[in-house]
Amino acid sequence: MAPFACGLLVLTAPLGALPRRAAAALAAAAGVVAGPLYVHLQPGLRLAAPDPRPAAPPACPALLRALAALYAAAAAQRGLDLRVLLGPGRRLARRPRVLLAAAEAPGPPGPVRLGLQRLAAAAYGCPPRLPAVLLEEAGGGPEREPEEEEPGAALPDFADVAVGGTFDRLHGAHRLLLSACCLLARRRLLAGVADGDLLRHKVLMELIEPYELRAAKLREFLEDVKPSLHYDIVPLVDPYGPSVTDPDLQCLVVSEETHRGGEAVNKKRLENGLPELALYEILLMKDPEHSQNEEEKISSSSLRQRLLGTLLRPPRQDPALPSRPYVIGLTGGTGSGKTSIAKLLGHLGAFLIDADKLGHAVYVPGGPAYEQVVAAFGAEILNEDGTINRKVLGAKVFGNQERLKSLTDIVWPEMARMVKEQIGEAGAQGKAVCVLDAAVLLEAGWQDMVHEVWTAIIPEEEAVKRIMARDGLSEEAARSRLQSQMTNSQRVEQSQVVLCTLWEPDVTRKQVEKAWDLLQQRLSQEHSL
């Protein structure tokens with residue numbers, strides 16, 4: 001792990017040199033700083049000068065190209081929280097613990113380090129004696145110093161600028177977009193953050209961070225990057241928000257894929273008697289590490305897909321649970337692909353407990369729940385051979401919460417007792433991991449029997465298609481079945497690991513193998529303590 005929690009990197013190279021040197025500079029810095037990593041750009045600054053004065057970089061196209069290169073390079077350093085500062089003027093949200101500059105910064109090392117300390121203190125109120133490190137950029141700098149690029153024409157500027165987006169897990173493309181907004185705005189930036197129904201059709205919307213968290217991270221980034229602006233951060237519950245009613249707005253910043261949305265905003269503004277906004281377009285950033293089922297651009301949906309199979313929250317710490325076998329509770333709604341995931345885990349070595357099979361066993365004549373269920377629901381639920389007709393019983397309780405609770409109060413405790421017997425059997429066989437495959441895991445409160453909850457999710461529309469094809473139900477009946485269950489979001493909120501079977505079987509297999517490998521690492525670390 002990098003030794004410092006937060007750092008400030010000062011880059012004094014010409015703006016035109018940064019696209020060629022960004023990757024090497026950030027790779028070197030990432031070895032020292034875990035994040036956030038702040039970057040102060042000041043082309044031509046001599047750190048060895050007696051009193052280096054901080055100044056904002058010129059707002060020009062060359063600066064945007066440098067920003068794009070830096071944020072693209074940061075994407076290759078997974079987890080690096082990069083914030084390129086566009087103007088000094090306040091204490092940073094996270095206090096830097098180390099100061100960094102390129103090893104070839106002009107001047108002797110001693111004065112360069114001292115200049116770094118003075119600059120950081122003057123610009124950002126850093127303590128005067130922070131450690132100062134000169135980075136060796138492996139394979140980084142060019143053999144000869146490049147010619148300085150002319151800044152070119154200044155970027156247009158507007159008093160009030162607007163931008164909108166989901167802003168889930170701020171990534172490099174978000175940061176470039178927001179930085180462009182900061183460069184274009186003189187007074188105020190209005191940032192709309194998508195929420196509510198606007199999130200319904202997002203890929204893995206259950207993993208999108210809550211609005212309050214996204215808004216707080218957005219504000220921290222913006223106020224770090226350019227503290228002189230006023231920031232209005234508001235929820236967006238429709239595609240337009242205040243952009244079609246605010247008379248002070250002058251510019252809307254868009255990407256290639258949201259340009260048409262900007263045109264729709266202008267159409268609405270004209271209908272509302274307001275002038276059109278200037279549309280300033282930012283290019284999309286390519287993701288060099290995208291996998292087969294991910295988007296080619298850097299995107300939040302790809303980042304959410306990379307969370308699948310990983311530990312989203314710590315496992316339960318319950319002294320009453322034995323450490324072996326380690327029990328995974330696998331759950332998911334109808335059509336989620338839970339059963340296929342269970343089979344994959346079985347192939348990897350897990351001991352499988354099928355709660356649905358146990359559920360059938362409790363109902364058979366002589367089974368632990370048979371007499372109580374017949375007494376509670378009457379002989380009309382029996383077939384001619386005396387077995388319980390599950391469909392007739394289901395019709396009696398469906399949509400009737402009181403009757404359903406009467407049934408589950410009988411059946412679930414008996415199933416839980418059988419599950420515990422099976423876990424004991426897994427332990428007797430020497431199995432390290434046991435998977436309880438149970439659709440009703442959370443509803444029944446069985447999470448107390450497991451160390452981790454793993455949930456399989458699938459978008460509602462895909463689940464409806466699968467249920468219709470598998471069970472021969474109408475669309476209305478399939479939706480009714482889904483709506484009677486716990487939602488994906490409710491399950492995800494109580495889960496340590498989330499998996500999704502939306503894509504090809506090979507993608508699901510890789511997710512499960514990733515989850516299994518990470519589980520083995522956790523178990524190995526636990527046993528080494």
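No side-chain donor from either of T508 and Q511 sits under 3.5 Å from a side-chain acceptor of the other. If you check the side chains of S489 and T487, you find no donor sitting under 3.5 Å from an acceptor. T501 and R466 form a side-chain donor-acceptor contact under 3.5 Å, judged by distance and modelled atom types alone.
Remark: side-chain polar atoms of S300 are paired, donor with acceptor, to backbone N or O of D168 under 3.5 angstrom. Not a single donor-acceptor pair under 3.5 Å links the side chain of S524 to the backbone N or O of Q521. Between the side chain of Y231 and the main chain of L222, a donor-acceptor pair closer than 3.5 Å is present. The backbone N or O of V244 sits less than 3.5 Å from a side-chain atom of N272, completing a donor-acceptor pair.
A59 and L63 get closest at one heavy-atom pair: CA-CD2, 4.1 Å. The shortest non-hydrogen separation linking V112 to A48 is CG2-CB, 4.1 Å. Closest heavy-atom contact between L184 and L155: CD2-CB, 4.3 Å. Of all the heavy atoms in P57 and L86, the pair that sits closest is CD-O, 4.1 Å. Here the shortest heavy-atom pairing between I341 and A456 reads CD1-CB, 3.7 Å. Between D224 and A93, the shortest heavy-atom contact is OD1-N, 2.8 Å.
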Determine whether L270 and E276 satisfy the following criterion, side chain to side chain contact (heavy atoms under 4.5 Å, CB included), listing intermediate values before the conclusion. CA-CA 7 Å; L270 290 175; E276 289 185 317; 3.6 Å; yes
Show your working on side chain to side chain contact (heavy atoms under 4.5 Å, CB included) between Q494 and M486 and close with a plain yes or no. CA-CA 12 Å; Q494 302 179 65; M486 188 177 281; 4.2 Å; yes
Evaluation steps, side chain to side chain contact (heavy atoms under 4.5 Å, CB included), between L178 and R175: CA-CA 5 Å; L178 295 166; R175 292 167 195 244; 5.6 Å; no
Could you walk me through whether V10 and L100 pass side chain to side chain contact (heavy atoms under 4.5 Å, CB included), step by step? CA-CA 6 Å; V10 177; L100 308 169; over 6 Å; no
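With sequence neighbours excluded, the residues satisfying salt bridge (Lys or Arg N to Asp or Glu O under 4.0 Å) with E223 are R219. Here P36 pairs with C6, D81, R83, R94 under the side chain to side chain contact (heavy atoms under 4.5 Å, CB included) rule; sequence neighbours left out. Contacts of D318 classified as side chain to side chain contact (heavy atoms under 4.5 Å, CB included), with partners at least two apart in sequence or in another chain: R316, A320, L321.
To the nearest 0.5 Å, the span separating CZ on F158 from CG on L183 amounts to 12.5 Å. The distance from the CG atom of D160 to the CD atom of Q250 is 6.0 Å, given to the nearest 0.5 Å. A distance of 11.0 Å separates CG of L441 from CD1 of I328, quoted to the nearest 0.5 Å. With rounding to the nearest 0.5 Å, the separation of CG in L176 from CD1 in I282 is 5.5 Å. Atoms CG and CD, on L502 and E461 in that order, are 12.0 Å from each other to the nearest 0.5 Å. Here the CZ-SG distance, from R304 to C500, works out to 11.5 Å after rounding to the nearest 0.5 Å.
Considering only heavy atoms from C-beta on, Q496 stays 4.5 Å or farther from L312 through its side chain. Counting heavy atoms from C-beta on, the side chains of L119 and L45 come closer than 4.5 Å. With a 4.5 Å cut-off on side-chain heavy atoms, L41 and L70 count as touching. Contact check for L85 versus K226: no side-chain heavy atoms found under the 4.5 Å cut-off. For the pair L64 and C60, the minimum side-chain heavy-atom distance is 4.5 Å or more. Residues V498 and L308 have side chains in contact (heavy-atom distance under 4.5 Å, counting atoms from C-beta outward). Side-chain contact check for R306 versus L303: some heavy-atom pair is nearer than 4.5 Å. Counting heavy atoms from C-beta on, the side chains of R169 and R214 never come closer than 4.5 Å.
Salt-bridge check for R491 with E443: passed, with a basic side-chain N closer than 4.0 Å to an acidic carboxylate O. Under a 4.0 Å N-O distance rule, the pair D517/K514 does not qualify as a salt bridge.
Applying the 6.0 Å contact sphere to CZ of R313 captures more than 12 heavy atoms from other residues, nucleotides or ligands.
Annotation: side chain to side chain donor-acceptor pair (under 3.5 Å) contacts involving residues 113-124, sequence neighbours excluded, comprise H40-Y124. Among residue pairs with one or both ends in residues 258-269, those qualifying as side chain to side chain donor-acceptor pair (under 3.5 Å) are S255-T258, H259-E281; sequence neighbours excluded.
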Check residues 189-207 and write down every donor-acceptor pair under 3.5 Å in which the side-chain atom is one partner and the other belongs to a residue at least two apart or another chain.
from : atom 1 : to   : atom 2 : distance (Å)
K202 : NZ     : T166 : OG1    : 3.4
E206 : OE2    : N488 : ND2    : 3.1

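For the ring pair (Phe, Tyr, Trp, His ring centres under 6.0 Å) with H174, the qualifying choice from F221, Y71, F167 is F167, the only one to do so.
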